[in-house]
There are 2 protein chains.
Amino acid sequence: MLSYTEENYLKALLKLSSQNQEKPEAGTNEMAAYLGVKPATATDMLKKLKEKGLVSYEKYGKILLTAIGRQNGIAILRKHRLWETFLYEKLDFSWDEVHEVAEQLEHIQSAKLVNKLEEFLDFPEFDPHGDPIPNSKGEMPVVIKTLLSEIEPGATCRVIAVKDTSKAFLQYLEKLQITIGTVLKIIEVINFDRSVNIQIAGSEARNVSMKFADSLFVCR
Amino acid sequence: MLSYTEENYLKALLKLSSQNQEKPEAGTNEMAAYLGVKPATATDMLKKLKEKGLVSYEKYGKILLTAIGRQNGIAILRKHRLWETFLYEKLDFSWDEVHEVAEQLEHIQSAKLVNKLEEFLDFPEFDPHGDPIPNSKGEMPVVIKTLLSEIEPGATCRVIAVKDTSKAFLQYLEKLQITIGTVLKIIEVINFDRSVNIQIAGSEARNVSMKFADSLFVCR
DNA sequence: TAAATTAGTTAGGCTAATCTAACAATATAT
DNA sequence: ATATATTGTTAGATTAGCCTAACTAATTTA
Ligand SMILES: [Mn+2]
Ligand SMILES: [Mn+2]
Ligand SMILES: [Mn+2]
Ligand SMILES: [Mn+2]
């Protein structure tokens, strides 16, 4: 049985490994920063997780999930995303509110609960932010995600996920009436400040920052 | 903000106060036994709860909830019963499975979640065991509950709640096809062993123990 | 390559929640 | 009323998860 805290470390490691692909390991400071603790605290916990066979880690070395650690991390992620979907679909939460509560719900221990929840939600494949939901075997759809910033001017694309899940960004998207599935057309990239002119679902053009364009995943 | 453990103490105290009416206080050992900890542990926690103004308690004296403590306890109970209802109604849990998971879910902190959940469940008044669900103001229906053992032979009554919520009892009820709302008729009480002959929903008579009859709440 | 910077560890301490063992107060029985 | 049993408290220890301060290793820069 894993503690609440141990679970959070595994999930954090999974997240940190899977962003920057080709860099499946993490550092102590990186982990600590992500989890909002001090590096000394992370060192302690990493030793414990190593003892339990959940991470591979040598003093001053890089941190990697073991197969078991990964499996456990994915189980938490599965619960997190299923709960987010529940809150969004069934309880009318907005997509900037779900994460906070799912952070708590993901730690509820009951195999039956998660499987019944999945069934109740009709086996969703993606959470409200467009992230894939692992199935009960830990498998999830692999989707080719392109950043909006990588789309050529003139081209059209469809929003499939958010990279940044902060309230500020999600609320801004809401205001712009951009959601998962919205079709965007890149008009042009302004050379001066690298801001981007986009057309949202066929309406009149709008200017957004490059930071914005770096925070949205789309497919062509 | 209350800790997970503090919440459990308040809920326990609420439970212990409300069973034996005319005895709204509890003892240290009683609390400890109920919570599965040692009396020394309970003493420590009670001092802390007193510090926080949640219980009134003097060394070697009886333990009582303050108004604030009671209010907090009721909020936990509300969540517990709403979650039980959710699991039972929406996720097909059986009534002997819901309690365990609700013990975890009751500690999730989100006012919005509990209120939306209540709405989603269509403002249920009773949980799967027939216990009243406090509303958002902390009020709950007062129901006159009679033990099956107090019903006179010859009389008919309707099951409204279970007093014992153990798996063993609930599964036995299931087997007997007794649920909330089932109509029972007392045929006779056997003098020899005080066992009770009952008719379940009009079917042929059956014999149950006095312990059984002491574990079911009915109304006439 | 030597110095400076960044990353990571260790030692020692704190708090919440638990325990055991010894003790003290209260209640019960003879 | 005294002895006994029950109930509750205290002292001291443990564990998990966190911290700060001081240190060490690894990496980057000049
Ligand atoms: Mn999330
Ligand atoms: Mn979490
Ligand atoms: Mn229950
Ligand atoms: Mn509980």
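Lettering follows sequence order; numbering is per chain, from 1.
The separation between A:Ile63 atom CD1 and C:dG8 atom C1' is 9 Å, rounded to whole Å. Rounding to whole angstrom units, NZ of residue A:Lys50 and P of C:dG8 are separated by 16 Å. Taking atom NZ of B:Lys52 as the reference point, atom P of C:dA16 lies 8 Å away to the nearest angstrom. Rounded to a whole Å, the CG atom of B:Leu49 is 13 Å from the C1' atom of C:dA16. The CE atom of B:Met31 sits 11 Å away from the P atom of C:dT18 (whole-angstrom rounding). Atom CG of B:Leu35 is separated from atom P of D:dG8 by 14 Å (rounded to the nearest Å). Atom P of nucleotide D:dT10 and atom CE of B:Met45 are separated by 16 Å, given to the nearest angstrom. The distance from atom CG of A:Asp44 to atom C1' of C:dT15 is 15 Å, rounded to the nearest whole Å.
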Kindly list each side-chain donor-acceptor pair under 3.5 angstrom involving residues 213-220 of chain A, sequence neighbours excluded, with atom names and distances?
| unit_1 | atom_1 | unit_2 | atom_2 | d |
| --- | --- | --- | --- | --- |
| A:Asp214 | OD1 | A:Ser149 | OG | 2.6 |
| A:Ser215 | OG | A:Lys211 | O | 2.8 |
| A:Arg220 | NH1 | A:Glu152 | OE2 | 2.7 |

Using a 3.5 Å cut-off and no angle test, enumerate the donor-acceptor pairs between side-chain atoms of residues 138-146 of chain B and protein atoms at least two apart in sequence or in another chain.
| unit_1 | atom_1 | unit_2 | atom_2 | d |
| --- | --- | --- | --- | --- |
| B:Glu139 | OE1 | B:Asn135 | ND2 | 2.8 |

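For the pair B:Thr41 and C:dT18, the criterion of a side-chain N or O lying under 4.0 Å from OP1 or OP2 is not met. OP1 or OP2 of C:dT10 lies within a sub-4.0 Å distance of a side-chain N or O belonging to A:Lys47. Proximity of B:Tyr57 to the phosphate of D:dT9: a side-chain N or O atom is located under 4.0 Å from OP1 or OP2.
The listed nucleotides are D:dC18, D:dT9, C:dG8; the one nearest the side chain of B:Thr28 is D:dT9. Of all nucleotides listed (D:dT9, D:dT7, C:dT10), D:dT7 comes nearest to the side chain of B:Asn29. Among the nucleotides D:dC19, D:dG8, C:dG8, the one closest to the side chain of A:Lys38 is D:dC19. Closest to the side chain of A:Val37, from the set C:dC19, D:dC18, D:dT20, is D:dC18.
Residue pairs meeting the side chain to side chain donor-acceptor pair (under 3.5 Å) criterion with at least one member in residues 161-173 of chain B, sequence neighbours excluded: B:Asp96-B:Gln171, B:Asp164-B:Ser166. Residues in residues 64-74 of chain B take part in no side chain to side chain donor-acceptor pair (under 3.5 Å) pair, two or more places apart or across chains.
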### Task
Could you run through nucleotides 21-26 of chain C and give me one letter per nucleotide, 5' to 3': B if any protein heavy atom sits under 4.0 Å from the base, S if only the sugar-phosphate is that close, - if neither?
---BS-
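Nearest approach of B:Leu148 to B:Cys157, heavy atoms of both residues: CD1-SG, 3.9 Å.
Every residue two or more places apart in sequence or in another chain was checked for a salt bridge (Lys or Arg N to Asp or Glu O under 4.0 Å) with B:Lys90, and none qualifies.
In this structure, B:Thr5 reaches the sugar-phosphate backbone alone: every heavy-atom distance under 4.0 Å involves primed, P, OP1 or OP2 atoms, never a base.
Side-chain N or O atoms of B:Gln104 include one that pairs as donor or acceptor with a backbone N or O of A:Gln109 at under 3.5 Å.
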